[in-house]
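Reviewing the structure listed below.
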Amino acid sequence: MSARRLTRRNLLLGTAALAPLLAGRAHAFGEKNRFIPAVARHKGRWDTRLSGLRRITWELQRRTSVEVVPDARPFALSSPDLFEYPFLYFGGEGEFPPLEEAEVANLRRYLTYGGFMLADANDASDGAGFDASFRREMARVLPQSPLAEVPAKHVVFKSFFLLDAAPGRVLNKPQLMGCNLGKRAAVLYSQNDLAGAWSRNESGDYEFDVSPGGEPQRELAVRLGVNVCMYALCLDYKDDAVHLPLILNKRR
């Protein structure tokens, strides 16, 4: 990787000034170099996995060199504040109403300028519930970039850990879905309730059982979460040698 790594943070900062609604707002990117997940606040049940997001930021710092703020910050999808965060989580349980036009336009701009979104069906739905609503809205946000299966060779499966599966709290679907803009995945989508596998309650216990694979499956879901966060932070991962020495040490 080059010394001057192209990151989504730098890309969003560089391009945000071109958008009229962002005029005067490119003074900082979140809290400098600390990773903080933004959360999409829509009109459905969007806030059921906030503890999971805080947990994955903690895991990211524990397992990598990334500095984090273990928080999950909700924003309306029409907010210009989205452009201060390179990682956006869009989750939910059940159906949700259509997004407003301003939300669709702002989310499209965010993704186009280099922002990354992880979508997560907390209800593990397929063809109904959150799944149906999310697919409907993504067809509006990125009509030229439809959701498609993410191939097993995609760099997200080797951005830190070497993985060959995409489990969450459940394993309804063996693969992730994604929307590509050029060569990058601007959106990754899990129908397996990825954040449900990360979530802990106030006592520190995991909130949900993981099936069918139990705790080994939970560990894989955490590793996938770390990989997704690492992918969200960098644009120039190479398919052939991503953190290779570190990966080899982490495969156990």
Partner residues of E137 under the side chain to side chain donor-acceptor pair (under 3.5 Å) criterion, sequence neighbours left out: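 So E137 forms a side chain to side chain donor-acceptor pair (under 3.5 Å) with R140.
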
For [X] versus [Y], what's the shortest heavy-atom pair and its separation?
| X | Y | value |
| --- | --- | --- |
| A72 | L53 | CB-CB, 3.9 Å |
| P97 | G44 | CD-N, 4.2 Å |
| F157 | A165 | CE2-O, 3.9 Å |
| N122 | G91 | OD1-C, 3.7 Å |

Give the cluster check for [X] versus [Y]: same hydrophobic cluster or not, with ILVMFWY residues linked at side-chain heavy-atom distances below 4.5 Å.
| X | Y | answer |
| --- | --- | --- |
| V156 | L60 | yes |
| Y113 | M138 | yes |
| V155 | L224 | yes |

Pair C179-L142, side-chain contact (heavy atoms from CB on, under 4.5 Å): steps then yes or no: CA-CA 8 Å; C179 292; L142 296 176; 4.0 Å; yes

Between [X] and [Y] (side chain of the first, backbone of the second, donor and acceptor by atom type, cut-off under 3.5 Å), is there such a pair?
| X | Y | answer |
| --- | --- | --- |
| H42 | P98 | no |
| Q175 | V150 | no |
| D193 | D123 | no |
| R49 | A195 | no |
| S79 | F75 | no |
| N227 | F161 | yes |
| N192 | P167 | no |
| T57 | R54 | yes |
| Q217 | G168 | yes |

Residues R62, E67: salt bridge by 4.0 Å N-O rule: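 No, this pair does not count.
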
Stepwise side-chain contact (heavy atoms from CB on, under 4.5 Å) test for Q61 and V66: CA-CA 5 Å; Q61 180 165 271; V66 175; over 6 Å; no

Student check: side-chain heavy atoms of [X] and [Y] closer than 4.5 Å:
| X | Y | result |
| --- | --- | --- |
| L181 | R184 | yes |
| L111 | F116 | no |
| L50 | V39 | yes |
| C229 | F35 | yes |
| E219 | R223 | yes |
| L163 | L220 | yes |

Member of Y89, F87, F160 meeting the side chain to side chain contact (heavy atoms under 4.5 Å, CB included) criterion with V228: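 Going through the options one by one, the only one that passes is F87.
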
Residue pair W198, L194: steps toward the side-chain contact (heavy atoms from CB on, under 4.5 Å) verdict: CA-CA 7 Å; W198 311 331; L194 191 55; 3.3 Å; yes

Using residues 202-213 as the side-chain source, report each donor-acceptor pair under 3.5 Å to any protein atom, sequence neighbours left out, with the distance given to one decimal.
| from | atom 1 | to | atom 2 | distance (Å) |
| --- | --- | --- | --- | --- |
| Y206 | OH | R200 | NH2 | 2.8 |
| E207 | OE2 | S51 | OG | 2.7 |

Face-on cation placement of R136 at F96 ring, 6.0 Å and 45° thresholds: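 That pair qualifies as a cation-pi contact.
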
Residue D164 excluded, over 12 heavy atoms near CG under 6.0 Å: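 Counting neighbours around CG of D164, 12 or fewer heavy atoms of other residues, nucleotides or ligands fall under 6.0 Å, so no.
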
Neighbour count >12 (heavy atoms, 6.0 Å) for atom CD, E59: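 Yes, enclosed.
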
Nearest-0.5 Å distance that lies between atom CE in M230 and atom OG1 in T64: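 If we round to the nearest 0.5 Å, M230:CE and T64:OG1 are 5.0 Å apart.
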
Gap separating the CD1 atom of I56 from the OG atom of S199, nearest 0.5 angstrom: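 If I round to the nearest 0.5 Å, the distance is 10.0 Å.
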
Checking [X] now: which residues fulfil side-chain contact (heavy atoms from CB on, under 4.5 Å) with it, not counting sequence neighbours?
| X | value |
| --- | --- |
| A124 | R169, V170, N172 |
| R45 | T48, E93 |
| L77 | A40, L82, L88, F90, L99, E103, L107 |
| R135 | D131, L147, M177, Y189, Q191 |

Y231 vs L118, side-chain contact (heavy atoms from CB on, under 4.5 Å): CA-CA, chis, key distance, verdict: CA-CA 11 Å; Y231 181 77; L118 171 63; over 6 Å; no

